[in-house]
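Read the structure below first, then the notes.
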2 protein chains.
Amino acid sequence: MENTAGITSERVAALLRERILSGSYADGHALRQEKLAAELGCSRIPVREAIRQLEAEGLVITIPRRGAMVAEMPVDRIRESFELRAVLEPWLLTASIPFLDEADFAAAQAVIDEMADLGFEGWGDANWRFHKALYAKCGKETAVEMLQRIHESIERYLRIHMRLTSGRDKAQTDHSLLLSLCRARDIQRATALLTTHILEVSDKLVESVEIARGLRRDEALLHPALRQNAKRTNGEH
Amino acid sequence: MENTAGITSERVAALLRERILSGSYADGHALRQEKLAAELGCSRIPVREAIRQLEAEGLVITIPRRGAMVAEMPVDRIRESFELRAVLEPWLLTASIPFLDEADFAAAQAVIDEMADLGFEGWGDANWRFHKALYAKCGKETAVEMLQRIHESIERYLRIHMRLTSGRDKAQTDHSLLLSLCRARDIQRATALLTTHILEVSDKLVESVEIARGLRRDEALLHPALRQNAKRTNGEH
DNA sequence: CGCATTAAAACTGTATCCAAAAATACGATG
DNA sequence: CATCGTATTTTTGGATACAGTTTTAATGCG
């Protein structure tokens, strides 16, 4: 079974990460070892190692003897993630702008074009790739990796937000304007725009997440009520 | 076979982390699964999961089919870690100072006192605990956790630096002064001092690490030469 | 001395087993 | 009828044994 390509536990981790980031596994979704092993056609050991890895990445939490589940990020943490972005990204942009060349600008523009006709699915990832393109020359790899992790951890909430608002608002125009300012090497205005861009999205997104969680809670309250009315008739699966 | 006291993978991870942070396992030290399992009295499974976890934390790197070793941080990364500290810590301090109370100051002072009669061993950890005490009220848990990880990843190089310079220089006076400024709620001067404090240590520490690595390289060049002179006489272990 | 072949070591994953803890189902009782 | 306690089932965490593969070393020959 051509398992020669790469280490299995890494592939399992990549697959689970993809499912969590994409929202395919919602917050609180339980990651059952045996089920995943059967589904992926491997034993439990690579699954367990992958779960450990994702736990260290903060995407899942494991409770001993109870298993792993997709970690739900509290709204305070979500807000804080955006605050961190608002601190770090302008810093990286400042360091990067003087060294950006035409190839970097073209790459960023290509991502903008790509995002134009993109649905909800790949939007969060493309958004990060656009921002990252502007930090290409910042010379701070560790910080970029940290930011990538931050973007990954909030990607599913960005998706929820876009699904609720059914649109990507003025992000596209923000991005285009930001790219123009970078081309003009206008660090002052570019960082100012970037900061407001990040913080604006933050407020709206937190709002959406609170609405979504409120809805989910109502649903959770509704389900037991339904179960009382229709005893034992629900299909559970 | 008292295997009732199973060693959990978390404990293995904590132990290995401790050994890496303390410098007990130097850069490049190979983490052999079977050897560790035998030493810790457990099977390879917890060891493997612990290694995956540490890999995600950036403390070790694994090369497929070759095993795991303690990750060596390039000097550029070390410098970058301090740059990140210089950006994030003043930010946290600014957010925290207005809300610090006497208990927080007393805790910070206690760490300073503790550091006075402390050798190389626990100094890096205490240093972080002092800084963290000042960010107690910043309300940014994610950022604090990130910084903790940064401090952990550079702790062994701090140890190397102190061993080479055999002293903790003016860190103590810096810390005392910083605490005074925090007590006075002088955000301006406190953040300025903090920034210079971090960047000063950075330059000196990078220098020490470069010296240490230069020495180690010489040693590596010397060893094969010795082996040639005294064929087969080296005890390998 | 250099290089090719071979042997050993070490990692990766599978399968099976067991113990412990949690979840669930079930039944007794007030 | 609701609630509490017990028993069964599920799931996790780990141990053990084994096979396959790759890297490293050791050996031997020209």
Side-chain angles (χ1 to χ4, degrees), chain A residues 1-16 28-56 60-70 223-225 227-229 231-232 234-237, chain B residues 1-16 25 28-56 60-71 220 223-225 227-229 231-237:
Chain A
M1 299 247 181
E2 67 266 25
N3 66 354
T4 54
I7 303 304
T8 303
S9 67
E10 303 232 347
R11 286 199 311 188
V12 175
L15 191 91
L16 293 181
H29 182 99
L31 273 58
R32 301 212 187 293
Q33 299 175 2
E34 219 145 348
K35 196 178 163 197
L36 286 170
E39 179 192 341
L40 305 180
C42 65
S43 70
R44 280 169 50 206
I45 292 185
V47 175
R48 285 169 62 169
E49 291 181 8
I51 286 175
R52 285 279 169 202
Q53 194 170 330
L54 296 176
E55 186 187 10
V60 312
I61 59 174
T62 61
I63 303 174
R65 296 282 170 188
R66 281 195 48 184
M69 63 176 63
V70 178
H223 265 305
R227 222 173 3 183
Q228 271 200 355
N229 287 354
K231 275 185 182 178
R232 193 61 58 95
N234 57 342
E236 172 69 30
H237 180 61
Chain B
M1 308 205 180
E2 63 271 19
N3 67 354
T4 53
I7 306 291
T8 69
S9 62
E10 305 226 349
R11 288 233 307 257
V12 176
L15 190 90
L16 293 181
Y25 287 166
H29 181 99
L31 274 57
R32 305 217 183 287
Q33 298 175 1
E34 231 152 329
K35 196 177 163 200
L36 286 170
E39 180 192 341
L40 305 180
C42 66
S43 71
R44 280 168 34 222
I45 292 183
V47 176
R48 285 171 61 168
E49 290 183 7
I51 287 175
R52 287 280 170 205
Q53 194 172 329
L54 296 176
E55 186 187 10
V60 311
I61 59 173
T62 60
I63 303 173
R65 301 280 175 189
R66 282 195 47 185
M69 63 177 62
V70 177
H223 264 306
R227 210 160 25 168
Q228 272 199 355
N229 286 355
K231 275 185 183 177
R232 189 62 58 93
T233 65
N234 57 341
E236 172 69 29
H237 179 61

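Each chain gets a letter, A, B and so on, in the order its sequence line appears, and its residues count up from 1. These figures come from a predicted structure and were not determined experimentally.
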Problem - Between C:dT12 (C1') and B:Glu49 (CD): distance, integer Å - result: 14 Å
Exercise for the section: Would you please confirm or rule out a distance under 4.0 Å between OP1 or OP2 of C:dG13 and any side-chain N or O of A:Thr8? Expected result: yes
Practice task
Mind checking A:Ser9 for me? I need base, sugar-phosphate or nothing, with any heavy atom below 4.0 Å counting as a touch.
Solution key: sugar-phosphate
Exercise for the section: Starting from P on C:dC11, measure out to CG on B:Leu36 and report it in whole angstrom. Expected result: 9 Å
Exercise for the section: Give, for atom CG of A:Leu15 and atom OG1 of A:Thr8, the distance between the pair rounded to the nearest 0.5 Å. Expected result: 12.0 Å
Exercise for the section: Would you please name every residue forming a side chain to side chain donor-acceptor pair (under 3.5 Å) with A:Glu39, sequence neighbours left out? Expected result: A:Arg19
Handout entry: With B:Ala13 via side chain to side chain contact (heavy atoms under 4.5 Å, CB included) - residues at least two apart
Key = B:Arg17, B:Ala50, B:Gln53
Exercise for the section: State which residues pass side chain to side chain contact (heavy atoms under 4.5 Å, CB included) with B:Arg32; sequence neighbours excluded, sorted by chain then number. Expected result: B:Ala30, B:Lys35
What's touching nucleotides 7-12 of chain D from the protein side, N or O pairs under 3.5 Å?
residue, atom, partner, partner atom, Å
D:dT12, OP1, A:Gln33, N, 3.2
D:dT12, O2, A:Arg65, NH1, 2.7

Problem - Integer-rounded Å distance: C:dC11 C1' and B:Ile45 CD1 - result: 14 Å
Exercise for the section: Mind checking salt bridge (charged side-chain N to carboxylate O under 4.0 Å, His left out) for A:Arg52 and listing every partner two or more places apart, or none if nothing turns up? Expected result: A:Glu55, B:Glu10, B:Glu49
Fill in the blank from the handout: With sequence neighbours left out, the residues meeting side chain to side chain donor-acceptor pair (under 3.5 Å) with A:Arg44 are A:Gln33
